2 protein chains.
Amino acid sequence: MGAALTPNETEVLALLRGANGPMTAYQLLGRMQRNGGAVAPPTVYRALKGLEEAGVVQRIETLRAWAVVTSPVPGVVAICDDCGAVRSVEAQGVFEGLHQRLAAEGFAEARQTIEVHGRCGDCTGGQT
Amino acid sequence: MGAALTPNETEVLALLRGANGPMTAYQLLGRMQRNGGAVAPPTVYRALKGLEEAGVVQRIETLRAWAVVTSPVPGVVAICDDCGAVRSVEAQGVFEGLHQRLAAEGFAEARQTIEVHGRCGDCTGGQT
DNA sequence: CAGATATACGTTATAGTATAACATAACACA
DNA sequence: TGTGTTATGTTATACTATAACGTATATCTG
């Protein structure tokens, strides 16, 4: 099974789970400071690193922020530029197609990042 | 046609074209300072913004660096973690599949980012 | 021409993101 | 007891990006 989380990792994970979207490392830091006194950036970044390696959080590259992983398989991160909502959309076929395409080039992928900006269904109001 | 580039944009683009891979904004800044004396970060970032809007450069999110766009259509950015090579791989089918998948969710995408880390063909030596 | 607007650029300062390096504490266990 | 390992604390700094304001130049227009 996955290794147990450390206290700091547990705290960071709880904060991210309690948020309704990604948080930046310094937002997490601020929360931890209000909770627990003196906390410095490395504490947060170390926790995020551990959680990322455990596969339970991921960095949203285009937002420079961190979010909990909501899907057991890799997802496409869909970011609404209107309302800020961030969703992970399962898209096995897309990842599979990507793998095939890169394998054909001789590229052995280790980590795929797919992020999309646009407007979510709520914000387009059904408009195409 | 596309708007003409400003002198600063032209200089930044030339530097990126002359590089054999992505450069960070501050690497560009260093080069410009050695060329032209006093240059400050906003000069570089403004040029990068203009070039990005013109579609001739792009930010490689996972590297926090900037590269020239080498393909007329959006490409998958394949980054070798061994040798550092960065290639843009055309993958129309992948982008199309991504579009279909998101459209089905009611999401209207404006910008897609696909970056993959791993090992390029040269570094795997043909191994699967 | 005077004045208004727009564009590019310069300049200073600061905000925001991330890591290096070294010190300490607590625990496991030979 | 001593030794190694893991997690954490602490200080400082590096790296990335933007805000805000000032200046110069060109263009348009009354």
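All values derive from a computational prediction rather than experimental measurement.
- Rounded to whole Å, the distance from CD on A:Glu9 to C1' on D:dG9 is 16 Å.
- If you take CG of A:Leu51 and C1' of D:dT8, they are 15 Å apart, rounded to a whole angstrom.
- Side-chain atoms of B:Ser71 do not come within 3.5 Å of backbone N or O of B:Pro74 as any donor-acceptor pair.
- Atom CG of B:Asn35 is surrounded by more than 12 heavy atoms from other residues, nucleotides or ligands within 6.0 Å.
- Using a 4.5 Å cut-off on side-chain heavy atoms (C-beta onward), A:Leu28 and A:Thr43 make no contact.
- The distance between atom CG of B:Leu29 and atom P of C:dT11, rounded to the nearest whole Å, is 13 Å.
- Residue pairs meeting the salt bridge (charged side-chain N to carboxylate O under 4.0 Å, His left out) criterion with at least one member in residues 32-52 of chain A, sequence neighbours excluded: A:Lys49-A:Glu53.
- The nearest whole Å value for the distance from the CG atom in A:Asn8 to the P atom in C:dA25 is 17 Å.
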**Asked** Can B:Glu109 and B:His99 be said to form a side chain to side chain donor-acceptor pair (under 3.5 Å), step by step?
**Response** CA-CA 7 Å; B:Glu109 80 257 36; B:His99 169 70; 3.0 Å; yes

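- Going from atom NZ of B:Lys49 over to atom C1' of C:dC9 covers 14 Å, rounded to whole Å.
- Without hydrogens or angle criteria, A:Glu105 side chain to A:Leu102 main chain gives no donor-acceptor distance under 3.5 Å.
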**Message:** Working note: B:Glu115 + B:Thr62, criterion side chain to side chain donor-acceptor pair (under 3.5 Å); need CA distance, chi angles, decisive distance, verdict.
**Reply:** CA-CA 7 Å; B:Glu115 296 179 14; B:Thr62 56; 2.6 Å; yes

List, with names and distances, any nitrogen or oxygen atoms from the protein found under 3.5 Å away from nitrogen or oxygen atoms belonging to nucleotides 10-16 of chain D.
none

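- A heavy atom closer than 4.0 Å to some atom of DNA chain C occurs in no member of residues 77-88 of chain A.
- One atom, CD of A:Glu52, and another, P of C:dT17, lie 16 Å apart when rounded to the nearest Å.
- More than 12 heavy atoms of other residues, nucleotides or ligands lie within 6.0 Å of CZ in A:Arg101, so this atom counts as buried by the packing criterion.
- Between the CG atom of A:Leu48 and the P atom of D:dT8 there is a distance of 13 Å, rounded to whole Å.
- Of the side-chain N and O atoms in A:Thr6, one or more sit less than 4.0 angstrom from OP1 or OP2 of D:dT8.
- Atom CD in B:Glu11 sits roughly 14 Å away from atom C1' in C:dG10 (whole-Å rounding).
- No side-chain heavy atom of B:Val44 sits under 4.5 Å from any side-chain heavy atom of B:Tyr26.
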